[in-house]
Asker: 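One structure, pasted below without further comment.
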Amino acid sequence: MSKQFDVIVIGGGPGGYIAAIRAAQLGFHTACIDEWKNSKGGPAPGGTCTNVGCIPSKALLQSSEHFEHAGKHFADHGIEVKGLSLQLDKMLARKDQVVKQNNDGILFLFKKNKISFFHGRGSFAKAGEGGYEIKVGDESLVGKHIILATGSNARALQGAPFDEENILSNDGALRIQGVPKKLGLIGSGVIGLEMGSVWRRLGAEVTALEALPTFLGAVDEQVAREAKKAFDKQGLKIELGVKVGEIQNGKKGVSVAWTNSRGEAQTLEFDKLIVSIGRVPNTIGLNPQAVGLKLDERGAILVDDECRTNLPNVWAVGDVVRGPMLAHKAEEEGVAVAERIAGQHGHVNFNTIPWVIYTSPEIAWVGQTEQQLKAAGVKYKAGTFPFVANGRARALGDTTGMVKFLADAGSDEILGVHIVGPMASELISEAVVAMEFRASAEDIARICHAHPSLSEATKEAALAVDKRTLNF
Ligand code: FAD
Ligand code: NAI
């Protein structure tokens, strides 16, 4: 006998579990199916984000930053640290504990919202009168509406499969048992920079081999240049415009043949190699053929602007569909879909999705970059303010970077905000709110910001659009 639901969500990552909660809040009898297992084989909802993504990476970024501060920066504050040592096993155990707290939190939220949770792989069996039949192990569920949130997997380099011992995806990169002496990164995108920063701070010599000739191509060029300067100073080696050749995975480590931007053949030996060259949508085990669900040429589930698939009442959200692979994008889509199912006007504004790279300095942005505006022929005004002129940044001892505003030359509407520097991840929220309300740079410039705070740099950058900074 099948169990009947109004809404069945397949995947319990940020897209799926948030969609399930919103559906339950709206009064739907809701189930969520997730197959992720913890080390004991038990349920570990939260997806990539909670288990091997956002949460554990930020835990290690925080711990490794403390270590670096204690070793290199406390002395500037008159604090002497003697006998500093790294207990990597404890650091990794703390990270695992943070993950577990998040897994448990989601299980609690399922209970609180009366969502039926099924631990296992959900696959389409067939479409029928009452809805879609989904198999989870021996159980059979029928849902009137199905929300697919099956996420993504790391993309492997051809000829160099992940063994999570020497050649690591994000998963293995988060649980290396000893600090590698030499760590290689293929790709200097978001994961490469974040994981490279963690292990460099803990003592590894890190070299990134990046195919593109420009560093962080999607980031505003001025901000990317500033960030690159900071990474160079930290000793994070980034080789741009390379072509990666043969990779040999041996007992002692990994040998990578590559050609540099001048066309010269090179070889590097690494103890560990992290391959972070993007992610691929995941529909493994979903059995889309059983119901005729359409995928695109990349293997992503084909959806329209409102996350509708080609099948009636089947929706898809998050990393498994087009758009940026970000947890908050997945969550917004999950909420919007649940609201659309309820006949409401769920809405996601793709123009105001913030991006953050949690390195030091942090890099955060929302809206258009200067190069995008130029390419589109938009007339704009730019204003920047450096953290070196901000009192709070000086007090913190971290004056790297700047805030940059881009506003429409005619209307002064904010078109993009780009930050590289301390707490950029938090500072960007003000810009997101401003852009969501279609504020002008002058609006931000006229708002009272607390003193001394890093957010004063945001106000000053808005003033800079009109060439009237007060402190620079
Ligand atoms: P996922 O989180 O991948 O969840 C999908 C879930 O579905 C998984 O639990 C999977 O086991 C389950 N599943 C799949 N198929 C089935 C099936 N057939 N039956 C049952 N269950 C199934 N994003 C940010 O916004 N900020 C960050 O700081 C950030 N850091 C990241 C760091 C790393 C190292 C990585 C790899 C990613 C990071 N991301 C970050 C990206 C973020 O993790 C993803 O965008 C986000 O997890 C996508 O959510 P999702 O719900 O679409 O998919
Ligand atoms: P990415 O797209 O950020 O970076 C991949 C990099 O690898 C690119 O610079 C690309 O040019 C390069 N590359 C591709 N093929 C290559 C090759 N053969 N040789 C050398 N370089 C090559 O992808 P990444 O870092 O794997 O992260 C995947 C996604 O996960 C991100 O795009 C992001 O959506 C998400 N993520 C988000 C985080 C955040 O929000 N802070 C943190 C980590 C991941």
Side-chain angles (χ1 to χ4, degrees), residues 9-19 32-37 43-58 60-61 106 118-124 134-136 147-155 157-158 160 169-171 173-174 185-196 198 208-218 238-245 256 258 274-288 316-321 323-331 333-334 353-359 362-364 425:
V9 183
I10 305 183
Y17 90 80
I18 289 291
C32 183
I33 308 168
D34 188 82
E35 65 178 344
W36 207 292
K37 290 189 183 112
T48 301
C49 171
T50 301
N51 292 294
V52 290
C54 327
I55 300 299
S57 62
K58 267 81 251 180
L60 287 185
L61 278 157
I106 296 167
F118 295 87
H119 188 212
R121 174 168 284 182
S123 328
F124 279 110
I134 308 290
K135 289 271 183 210
V136 196
I147 304 176
L148 304 170
T150 48
S152 63
N153 293 316
R155 185 151 79 88
L157 205 58
Q158 242 190 353
S169 71
N170 54 296
D171 182 5
L174 286 158
L185 307 170
I186 307 290
S188 67
V190 195
I191 294 181
L193 290 174
E194 290 189 356
M195 295 319 302
V198 166
L209 301 175
E210 165 60 49
L212 287 180
T214 43
F215 178 59
L216 286 178
I238 303 168
E239 296 282 349
L240 298 172
V242 314
K243 198 169 176 327
V244 174
V256 179
W258 56 289
I274 299 175
V275 177
S276 46
I277 55 169
R279 297 180 61 81
V280 286
N282 168 41
T283 52
I284 298 168
L286 191 60
N287 199 17
V317 301
D319 280 13
V320 76
V321 303
M325 289 186 170
L326 295 173
H328 41 285
K329 175 264 193 184
E331 292 183 10
E333 286 183 333
I353 294 176
W355 277 84
V356 178
I357 306 177
Y358 294 81
T359 44
E362 291 186 345
I363 305 165
S425 55

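Positions are given from 1 along the sequence. Remember, it's 1-based here, ligands and their atoms both numbered in the order they're listed.
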Asker: Can you pull out the closest protein heavy atom to atom 31 (C) of ligand 2? Residue, atom name and distance to 0.1 Å, please.
Answerer: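 Nearest neighbour among protein heavy atoms for atom 31 (C) of ligand 2, to 0.1 Å: Val190 CG2, 4.1 Å.
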Asker: Could you list the atoms of ligand 2 found under 4.0 angstrom from a heavy atom of Ser276?
Answerer: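 Here the atoms of ligand 2 in question are 5 (C), 6 (C), 7 (O), 25 (O), 26 (O).
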Asker: Would you check if the side chain of Arg155 reaches a backbone N or O of Ile277 as a donor-acceptor pair within less than 3.5 Å?
Answerer: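 At least one qualifying donor-acceptor pair exists.
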Asker: Quick one: does Gly278 get within less than 4.0 Å of ligand 2, heavy atoms only?
Answerer: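 Distance cut 4.0 Å: Gly278 passes for ligand 2.
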Asker: Can you check whether Met325 has an N/O within less than 3.5 Å of an N/O in ligand 2?
Answerer: yes
Asker: Under 4.0 Å from ligand 2, counting heavy atoms only, is it the side chain of Lys243, its backbone, both or neither?
Answerer: neither
Asker: Against heavy atoms of Leu209, which atoms of ligand 2 measure under 4.0 Å?
Answerer: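 It comes down to these atoms of ligand 2: 20 (C), 21 (N).
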Asker: If we only count heavy atoms from C-beta on, is the Asn170 to Met195 side-chain gap below 4.5 Å?
Answerer: no
Asker: Which heavy atom of the protein is the closest neighbour of atom 44 (C) of ligand 2, given with residue, atom name and distance?
Answerer: Ile191 CG1, 3.3 Å
Asker: Give the residue and atom name of whichever protein heavy atom lies nearest to atom 29 (C) of ligand 2, and the separation in Å to one decimal.
Answerer: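 Sorting protein heavy atoms by distance from atom 29 (C) of ligand 2 puts Arg279 CD, 4.0 Å first.
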Asker: With respect to atom 11 (O) of ligand 2, which of Met195, Glu210, Glu239, Glu194 exhibits the smallest heavy-atom separation?
Answerer: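 Closest candidate by heavy-atom distance is Glu210.
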Asker: Distance under 4.0 Å to a non-hydrogen atom of Val356: what atoms of ligand 2 satisfy this?
Answerer: 39 (C), 40 (O), 41 (N)
Asker: Any donor-acceptor pair under 3.5 Å linking the side chain of Ser276 with the backbone of Ile191?
Answerer: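 No, because the side chain of Ser276 does not come within donor-acceptor range (under 3.5 Å) of the backbone of Ile191.
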Asker: Might you work through the side chain to side chain donor-acceptor pair (under 3.5 Å) test for Asn287 and Ser123, ending with a clear yes or no?
Answerer: CA-CA 5 Å; Asn287 199 17; Ser123 328; 5.9 Å; no
Asker: May I ask you to test the Glu362-Ile357 pair for a side-chain heavy-atom distance under 4.5 Å?
Answerer: no
Asker: Keeping Asp34 on the side-chain end and Gly47 on the backbone end, is there a donor-acceptor pair under 3.5 Å?
Answerer: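 No, because the side chain of Asp34 does not come within donor-acceptor range (under 3.5 Å) of the backbone of Gly47.
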Asker: Are Pro324 and Trp355 close enough that some pair of their side-chain heavy atoms sits under 4.5 Å apart?
Answerer: yes
Asker: Starting from atom 4 (O) of ligand 2, locate the nearest protein heavy atom and write down its residue, its atom name and how far away it is, to 0.1 Å.
Answerer: Gly189 CA, 3.3 Å
Asker: Give the numbers and elements of all ligand 2 atoms closer than 4.0 Å to a heavy atom of Tyr358.
Answerer: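 Contacts of ligand 2 toward Tyr358, numbered from 1: 41 (N).
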Asker: Do the side chains of Trp258 and Glu239 get nearer than 4.5 Å, heavy atoms only?
Answerer: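 Side chain of Glu239 against side chain of Trp258, heavy atoms only: contact under 4.5 Å found.
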Asker: Heavy atoms only: which of Leu326, Val244, Ile186 is nearest to atom 40 (O) of ligand 2?
Answerer: Leu326
Asker: Going by the order shown, which atoms of ligand 2 are within less than 4.0 Å of some heavy atom of Ala211?
Answerer: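 Answer, ordered by atom number: 19 (N), 20 (C), 21 (N), 22 (C).
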Asker: At less than 4.0 angstrom from any atom of ligand 1, which residues have a non-hydrogen atom? List them by chain and residue number.
Answerer: Ile10, Gly11, Gly12, Gly13, Pro14, Gly15, Gly16, Ile33, Asp34, Glu35, Trp36, Gly47, Thr48, Cys49, Val52, Gly53, Cys54, Ser57, Lys58, Gly120, Arg121, Gly122, Ala149, Thr150, Gly151, Ser152, Asn170, Ile191, Arg279, Asn282, Gly318, Asp319, Met325, Leu326, Ala327, His328, Ala330, Tyr358
Asker: The test is side-chain contact (heavy atoms from CB on, under 4.5 Å); show your working for Val317 and Leu148 and say whether it passes.
Answerer: CA-CA 6 Å; Val317 301; Leu148 304 170; over 6 Å; no
Asker: Any N or O of Ser188 that comes nearer than 3.5 Å to an N or O of ligand 2?
Answerer: no
Asker: Under 4.0 Å from a heavy atom of Leu212: give me the atoms of ligand 2 that qualify, with their elements.
Answerer: 11 (O)
Asker: Among all protein heavy atoms, pick the one closest to atom 16 (C) of ligand 2 and tell me residue, atom and distance.
Answerer: Ile277 CG2, 3.5 Å
Asker: As an exercise, identify every atom of ligand 2 less than 4.0 angstrom from a heavy atom of Leu157.
Answerer: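 Taking each heavy atom of Leu157 in turn, ligand 2 has 18 (N) under 4.0 Å.
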Asker: Sub-3.5 Å donor-acceptor pair from the side chain of Glu331 to the main-chain atoms of Gly15, do we have one?
Answerer: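 Here the side-chain-to-backbone pair does not exist.
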Asker: Any side-chain heavy atom of Leu60 within less than 4.5 Å of one from Leu174?
Answerer: yes
Asker: For residues Leu286 and Ile10, determine if any side-chain heavy atom of one lies less than 4.5 Å from a side-chain heavy atom of the other.
Answerer: yes
Asker: Is the backbone of Ser152 close enough, under 3.5 Å, to the side chain of Asn282 for a donor and an acceptor to pair up by distance?
Answerer: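 No: the side chain of Asn282 does not pair with the backbone of Ser152.
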Asker: Considering heavy atoms of the protein only, find what lies nearest to atom 7 (O) of ligand 2 and give residue, atom and distance to 0.1 Å.
Answerer: Gly187 CA, 3.4 Å
Asker: Under 4.5 Å between any side-chain heavy atoms of Ile284 and Arg121, yes or no?
Answerer: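 Contact flag for Ile284/Arg121 side chains = yes.
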Asker: State, yes or no, whether a side-chain contact exists between Ile238 and Leu193 at a heavy-atom distance under 4.5 Å.
Answerer: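 Yes, their side chains come closer than 4.5 Å.
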